[in-house]
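A quick note: this is a predicted structure, and the numbers were derived from the prediction, not measured. Atoms within each ligand, like the ligands themselves, are counted from 1 in listed order.
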Amino acid sequence: MTTTDTGTPAATPSPPQTPLTVDDIAQWAATELEPEVWDFVCGGAGDESTLQLNRTDLANIRLVPRVLRDVAHPSTHTTLLGTPAAMPVAVAPMAYQRLIHPHGELAVARACKRAGIPFTVSALTSTPIDQLAATGATLWAQLYWFTDRARVGELLTQAEQAGCRAVVLSVDMPRMGRRLRDIRNDFTLPAGLASGADAAGLAAAGTRPGSSIARHTDTIMDAQLNWDDIEWLSRQTVLPVVLKGILDARDAALAAEFGVDAIVVSNHGGRQFDGAPSTIGALPAVLDAVADRCPVLIDSGFRSGLDILRAMALGAGGVLLGRPILYGLVGGERGVELTLSVLREELLDAMTHTGCADLRAAADLASVISEGLLPAPAALT
Ligand SMILES: Cc1cc2nc3c(=O)[nH]c(=O)nc-3n(C[C@H](O)[C@H](O)[C@H](O)COP(=O)(O)O)c2cc1C
Ligand SMILES: CCCCC(=O)C(=O)O
């Protein structure tokens with residue numbers, strides 16, 4: 001792993017041969033990263049059943065091709081939270097990206113700018129948001145509900161000053177999930193990734209046995225977060241408010257009633273509650289409950305362009321990508337670009353073979369799962 005300079009990425013590795021899939025890129029990342037960093041990135045909570053279910057439920061969805069539809073020039077363009085995007089994809093918020101590569105968030109933001117997709121800046125970014133804004137990428141700012149409410153206010157101010165287009169409150173972190181790999185590895189973040197109170201807290205969490213990142217996280221998150229706070233948040237900012245981490249249809253309906261601007265169906269990539277359903281499994285009921293009152297985005301387990309098309313076929317408004325971006329980040333900006341170009345190529349391939357000249361057509365695709373036909377999209381009934 002390269003952990004030092006902030007200048008030229010002299011030590012930035014290249015993949016052994018051109019990767020064709022995100023799994024190829026993941027295998028490369030696994031060989032480049034320190035084992036405990038790899039475990040932190042790829043791992044999930046508990047026995048990782050939710051982590052796996054995200055993958056198997058996606059893989060079980062078949063899309064029925066339409067034919068005779070002129071797919072000579074398919075377009076992946078769409079709009080995400082009101083901003084044009086070259087693909088129905090945004091980068092999910094992920095903390096401490098300089099853990100993976102010295103250029104961290106900067107490399108990811110630059111790759112997003114080039115690919116024409118939004119980048120969600122984590123509340124625990126290891127690069128200041130104003131530096132990321134200078135890349136010209138479309139930014140969304142993620143918030144955690146820190147007990148230190150002044151810090152939430154500061155993040156909001158910084159987000160607005162940096163020109164972010166939305167704030168994304170993650171509502172699935174009352175405490176950190178029991179990530180057994182990190183506990184067994186006595187996982188500690190290297191110094192220099194966090195700043196201010198966060199750095200002090202991480203240092204205080206020390207190097208005792210167990211996951212020090214979990215010890216620290218549990219001291220900063222406010223588990224009292226509830227719907228009243230959503231009203232407060234909406235009053236505090238002029239930016240659209242997005243709730244990330246919704247799985248239950250009743251919560252989705254409440255979010256719509258509270259007037260949030262979008263929701264993200266997420267189980268945090270299987271990193272929080274092991275035992276949660278897959279997000280692709282939860283999506284249809286959430287969409288029914290929201291009934292078009294706000295866009296419904298999704299993340300957790302998306303590893304291919306075909307997976308992205310699966311979500312769009314089921315009615316999602318777009319997909320957030322987590323780990324695939326960090327796997328690519330092993331190779332810096334170029335590596336992230338590689339991940340995004342693999343996904344774009346796969347998405348175009350899947351669209352072409354299913355008769356989708358654009359993503360509106362994707363919403364009309366019929367989907368089949370092993371247990372039977374999913375409800376037909378409204379346009380077909
Ligand atoms: C290393 C890592 C750090 C993460 N940090 C955050 C974070 O700071 N805030 C947040 O809301 N979600 C965080 N997430 C969760 C992602 O935003 C996203 O929900 C998840 O990674 C999606 O699943 P996927 O990795 O299977 O694509 C993190 C995920 C990973 C892998
Ligand atoms: C302190 C939280 C770490 C970031 C996070 O959300 C994750 O690792 O999933």
Exercise. At what distance is the nearest protein heavy atom to atom 4 (C) of ligand 2, and which residue and atom is it?
Worked result: Ala95 CB, 3.6 Å

Exercise. Could you state the interatomic distance from CG (Asp198) to CG (Asp148), rounded to the nearest 0.5 Å?
Worked result: 10.5 Å

Problem set entry | Contact check: Thr217 vs ligand 2, nitrogen or oxygen atoms, below 3.5 angstrom | no

Exercise. What atoms in ligand 1 come closer than 4.0 Å to a heavy atom of Tyr144?
Worked result: 6 (C), 7 (C), 8 (O), 9 (N), 10 (C), 11 (O), 12 (N), 13 (C)

Problem set entry | side-chain contact (heavy atoms from CB on, under 4.5 Å) involving Ala276 - partner list, sequence neighbours excluded | Thr50, Leu247, Asn267, Phe273

For this session: Any atoms of ligand 1 less than 4.0 Å from a non-hydrogen atom of Gly269? List them with their elements.
Result: 20 (C), 22 (C), 23 (O)

For this session: Please report which non-hydrogen protein atom sits nearest to atom 6 (O) of ligand 2, along with the residue it belongs to and the distance in Å to one decimal place.
Result: Tyr144 OH, 2.5 Å

Exercise. In terms of atom number and element, which parts of ligand 1 are under 4.0 angstrom from non-hydrogen atoms of Ser266?
Worked result: 19 (O)

Problem set entry | Distance-only side-chain donor-acceptor flag, Tyr327 / Asp23, under 3.5 Å | no

Exercise. Does ligand 1 have a heavy atom under 4.0 Å from the side chain of Met173, from its backbone, from both, or from neither?
Worked result: neither

Exercise. Quick one: which ligand 1 atoms are inside 4.0 Å of a heavy atom on Arg303?
Worked result: 24 (P), 25 (O), 26 (O), 27 (O)

Problem set entry | Contacting atoms of ligand 1, where contact means under 4.0 angstrom from a heavy atom of Leu326 | 1 (C)

Exercise. Side chain, backbone, both or neither: which part of Gln272 comes within less than 4.0 Å of ligand 2 when only heavy atoms are counted?
Worked result: neither

Problem set entry | Arg110 to Phe119, cation-pi by 6.0 Å centre distance and 45° axis angle | no

Problem set entry | Reported CG-to-CD1 distance for the pair Asn54 and Ile298, which is rounded to 0.5 angstrom | 8.5 Å

Exercise. Is ligand 1 under 4.0 Å from a heavy atom in the side chain of Tyr96, in the backbone, in both, or in neither?
Worked result: neither

Exercise. Any non-hydrogen atom of Met176 lying under 4.0 Å from ligand 2?
Worked result: yes

Exercise. Does Tyr96, backbone or side chain, put an N or O under 3.5 Å from an N or O of ligand 2?
Worked result: no

Exercise. Side chains of Ser278 and Asp57: donor-acceptor distance under 3.5 Å anywhere?
Worked result: yes

Problem set entry | Asp299 versus His268, side-chain donor and acceptor atoms under 3.5 Å | no

Exercise. Which atoms of ligand 1 are found less than 4.0 Å from any heavy atom of Val41?
Worked result: 31 (C)

Problem set entry | Location of contacts on Ser170 toward ligand 1, heavy atoms closer than 4.0 Å | side chain

For this session: May I ask whether Ile213 has any heavy atom positioned less than 4.0 angstrom from an atom of ligand 2?
Result: no

Exercise. Does a side-chain N-to-carboxylate-O contact under 4.0 Å join Asp39 and Arg184?
Worked result: no

For this session: Walk me through it: do Val152 and Leu155 pass the test side chain to side chain contact (heavy atoms under 4.5 Å, CB included)?
Result: CA-CA 5 Å; Val152 177; Leu155 286 172; 5.7 Å; no

Exercise. At what distance, to the nearest 0.5 angstrom, does CG of Leu106 lie from CD of Gln97?
Worked result: 10.5 Å

Exercise. Could a heavy atom of Met94 be found less than 4.0 Å from some atom of ligand 2?
Worked result: no

For this session: Pull out every atom of ligand 2 sitting under 4.0 Å from any heavy atom of Leu124, numbered as shown with elements.
Result: 1 (C), 2 (C)

Seminar exercise, completed: Atoms of ligand 1 under 4.0 Å from any heavy atom of Asp299, numbered from 1 in the order shown, are 18 (C), 19 (O), 22 (C)

Exercise. Is Arg181 salt-bridged to Glu36, going by a charged N under 4.0 Å from an acidic O?
Worked result: no

Exercise. Roughly how far, to the nearest 0.5 Å, is CG of Leu189 from CZ of Arg98?
Worked result: 11.0 Å

For this session: Using a strict cut-off of less than 4.0 Å between a Lys/Arg side-chain nitrogen and an Asp/Glu carboxylate oxygen, indicate whether Arg178 and Asp274 qualify as a salt bridge.
Result: no

Exercise. Looking at Arg271, which atoms of ligand 2 are within less than 4.0 Å of one of its heavy atoms?
Worked result: 7 (C), 8 (O), 9 (O)

Problem set entry | For Gly301, atoms of ligand 1 separated by under 4.0 Å from a heavy atom | 23 (O), 24 (P), 26 (O), 27 (O)

Problem set entry | Residue portion contacting ligand 2 (non-hydrogen atoms closer than 4.0 Å) for Gln142 | neither

